[in-house]
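Labels below follow one simple rule: chain letters A, B, ... track the order of the sequence lines, proteins then strands, and each chain is numbered from 1. All of these numbers come straight from a predicted model, not from anything done at the bench.
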Number of protein chains: 4
Amino acid sequence: MPRVTEQHRAARKEQILDATMRCVAREGFHKTSMAQIIEESGLSAGAVYVYFRSKRDIIAAIAERAISTIQPMVDSPPQLADPPSPSEIIEMITTAVVEHAQSLEVDVTRVAVAIWGEALRDESIREIAVEVFGRIRTVLAASIQAQKDRGTLAPSTDVNNAAKTLFSLMPGFILQRLILNDVAPASYAAGARALGIP
Amino acid sequence: MPRVTEQHRAARKEQILDATMRCVAREGFHKTSMAQIIEESGLSAGAVYVYFRSKRDIIAAIAERAISTIQPMVDSPPQLADPPSPSEIIEMITTAVVEHAQSLEVDVTRVAVAIWGEALRDESIREIAVEVFGRIRTVLAASIQAQKDRGTLAPSTDVNNAAKTLFSLMPGFILQRLILNDVAPASYAAGARALGIP
Amino acid sequence: MPRVTEQHRAARKEQILDATMRCVAREGFHKTSMAQIIEESGLSAGAVYVYFRSKRDIIAAIAERAISTIQPMVDSPPQLADPPSPSEIIEMITTAVVEHAQSLEVDVTRVAVAIWGEALRDESIREIAVEVFGRIRTVLAASIQAQKDRGTLAPSTDVNNAAKTLFSLMPGFILQRLILNDVAPASYAAGARALGIP
Amino acid sequence: MPRVTEQHRAARKEQILDATMRCVAREGFHKTSMAQIIEESGLSAGAVYVYFRSKRDIIAAIAERAISTIQPMVDSPPQLADPPSPSEIIEMITTAVVEHAQSLEVDVTRVAVAIWGEALRDESIREIAVEVFGRIRTVLAASIQAQKDRGTLAPSTDVNNAAKTLFSLMPGFILQRLILNDVAPASYAAGARALGIP
DNA sequence: GATGAATGAGAATTCATTCAT
DNA sequence: GATGAATGAATTCTCATTCAT
């Protein structure tokens, strides 16, 4: 099959990564064997290794996917004239997370937890996590700054500190949803407001 | 069998679990091999299998340890007449977490992340996580209730929802500390207060 | 098909064999993969398999090349009136070997060692080696016969036995040059003469 | 099986190396798979890897064996008052080689050829070959020196050069025996004497 | 109870070769 | 003829677990 397009290559890579996501969401990175990925992808062992040099590379690619998966979730809908408040952002993101998780065959949040674990033992995965965390925090910091400008938050507010604290609501939601399964975007955001978060 | 033997058994189990904690903090559960645990514990393969029937059992025991490790952290110091406020609790727990992590040779928070991942694929580990999460949430709910009683939080506050949101600050702190390494208990609690959390 | 195509075929085969020689000189036959040969030759996998049916065929072709490579080395320069003496032949051949090895990008003697190994497990490679060894021995036998005729060697000399012994000086030189790297044609021939070889 | 002696370990290693020798004599190093070694040794995969960390280690151990295998062959029988002459040494060594090859189930000379090939691509194997070659050359040099002292060889003889040339008779004999199968110790040594070697 | 050698299924990866385009 | 993606058996090595001593 000569003259195979870049498109074809990209599609195959997606095929492998899609299969891997399904496996990892179920079993985590290290309980997912290459044999499972191969089986799930419908390709042969050799084919998988044409597109990825090692299992580590596949894991890294999965982690990188998180960046592009998260991005549309954290980007505020452009039609909003006013920047959303922190609790609104929380509700927006958690809603997007839940919807995404339910619409696809894989729950990305399960993969996210696997990535957190991998970030602790693989520096290059950690770097990817650093970037994702940073992007989310930036969005949250902008919202906090807007509240401060508007007077809803005290002028003395340290935006970065507040963003770090606010950021926690994202992984905390994911974790409680997956393990306790008793959180929902609306009530979670309501809880944030009840605590005083604008 | 006399008590001495029971003590011996317990000591041996601790020895194995201590060794495992060190390994898991470094590499996670699945990159930790039984050979590593055996080597690190200084015991023989056979001996380890006398005290634990399988690697899964060791992982479960490690997860159960989290309960007793967390308990003293979340229990408010008894000398305090007033129950601490939510942000005070956050600062207390995060401080305890950081101090614990620095004083011991293993950073328990790294093991915690490994447990979160394992809870997604092993129901019995999930049950343990459910219990740990529940205990922490209970402490937080009590504090929120106290604030509500005192009038610091609105009477309409849904204590459970607020506790769920507040709970997130714990795993969120752990994750940011391990991956971004730019959070500290005092400023983190300050961030919480800046956001309006009492 | 016109002649041009035949030339083309031959050129392509050379291209593949040249590439293989480079690989084999480095790593031997079995550590040289088809992928390396394909890469080194600049052709596609399919193209290589058009010219050679299998890796074994390529190895066999490499071995056959040895025949034509060795031939000009063992053939005495025709201008010499007198046939050279055994030690002179040794010096001529070893000199040719060293010069050849240095002038080309591949050291054929390294390939020769690989062929010796392969001859032990593949009958058809052995047959090729038999032919090469035989040709060299024939040249040496002729020289010994000439010495005998001239009276430099005893009339009782068994020409064939002497040729077998003399033959050893060739692989022995190659091996010591490659592994110990402390032999040179002139001193090697001098050593032969010191031992009494005319 | 606790309290396993060093003897036991050594015996197991021998068992694995014996099996490997049989395989390598047949197929060379790289056509011998770990599966074959495992099968031939009668052990399990895991057991083999308890004694050798990798296939490379096994190959290295096989090469090291050559040293101790060669040593008794090159050591002159101590009862000889006079040191043997070069051609006598050649006959002794080649006789020992042939007898050894016929008495054991493996022909060590076939393994030797495999080692020569491996020495060209693995530095540590080369080092072992250097040592073996050096030992043989030392024995030959001593014999040449004795001949020189006795006046059988010219006083101008460069002992080292002559030893290098003489050394070649060993690998040359091995190679001709394995590939052409038309050499025998007695006639080979006779050939050496016919060429003038004392 | 303790030991640690042994097991063998399973892991990741490679490789000679094929064949649809 | 030429391409190079695809194949899948084979390769090296690991690992949780067992059991004779």
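- Nearest to the side chain of A:S54, among E:dT13, E:dT17, E:dC15, sits E:dT13.
- C:R53 has no side-chain polar atom (N or O) that falls below the 4.0 Å cut-off from OP1 or OP2 of E:dT17.
- Here the side chain of B:R12 pairs no donor or acceptor atom with the backbone of B:Y51 at under 3.5 angstrom.
- Rounded to an integer number of Å, the gap from D:Q7 CD to E:dA5 P is 15 Å.
- Salt bridge absent: C:R56 and C:E118 never bring a charged side-chain N and a carboxylate O closer than 4.0 Å.
- Separating the CD atom of C:Q36 from the C1' atom of F:dG4 is a distance of 18 Å, rounded to the nearest angstrom.
- Residues from residues 37-51 of chain B that place a heavy atom under 4.0 Å from any atom of DNA chain E, listed by number: B:S44, B:A45, B:G46, B:A47, B:V50, B:Y51.
- Summarising the geometry, the separation between CZ on D:R12 and C1' on E:dT7 is reported as 12 Å, rounded to the nearest angstrom.
- For CD of B:E14, the number of neighbouring non-hydrogen atoms (other residues, nucleotides, ligands) closer than 6.0 Å is greater than 12.
- B:K13 contributes no side-chain N or O that, together with a main-chain N or O of B:F52, makes up a donor-acceptor pair within less than 3.5 Å.
- C:R9 has a side-chain polar atom (N or O) that falls below the 4.0 Å cut-off from OP1 or OP2 of F:dG1.
- If you take CD of A:E6 and C1' of F:dG4, they are 14 Å apart, rounded to a whole angstrom.
- Protein atom NE2 of C:H30 is 13 Å distant from nucleotide atom P of F:dT12, rounded to whole Å.
- Of all the heavy atoms in D:I179 and C:A129, the pair that sits closest is CG2-CB, 3.9 Å.
- We find that NE2 of D:H8 is positioned 13 Å from P of E:dG4, with the value rounded to whole Å.
- Between B:L178 and B:D107, some side-chain heavy-atom pair lies under the 4.5 Å cut-off.
- Whole-Å rounding puts the A:K31 NZ to E:dG10 P distance at 12 Å.
- Taking the side chain to side chain contact (heavy atoms under 4.5 Å, CB included) definition, one finds that D:A112 meets it with D:W116, sequence neighbours left out.
- Residues D:K55 and B:S33 both approach DNA chain F. Their nearest nucleotides, taken by heavy-atom distance, put D:K55 toward the 5′ side.
- Ranked by how close their nearest DNA chain E nucleotide is to the 5' end, C:T32 and A:M34 are led by A:M34.
- Counting all heavy atoms, side chain and backbone alike, C:K31 lies closest to C:Q36 at O-OE1, 3.1 Å.
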Next on the checklist: For Watson-Crick and G-U wobble pairs within 3.5 Å on both distances, what is DNA chain F written in dot-bracket notation, | included for inter-strand pairing?
Outcome noted: .||||||||||||||||||||
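- Side-chain N or O atoms of C:E27 include none that pairs as donor or acceptor with a backbone N or O of C:T32 at under 3.5 Å.
- Residue A:F29 is the one, among A:F29 and C:R56, whose nearest nucleotide of DNA chain E lies closer to the 5' end (criterion: closest heavy atom).
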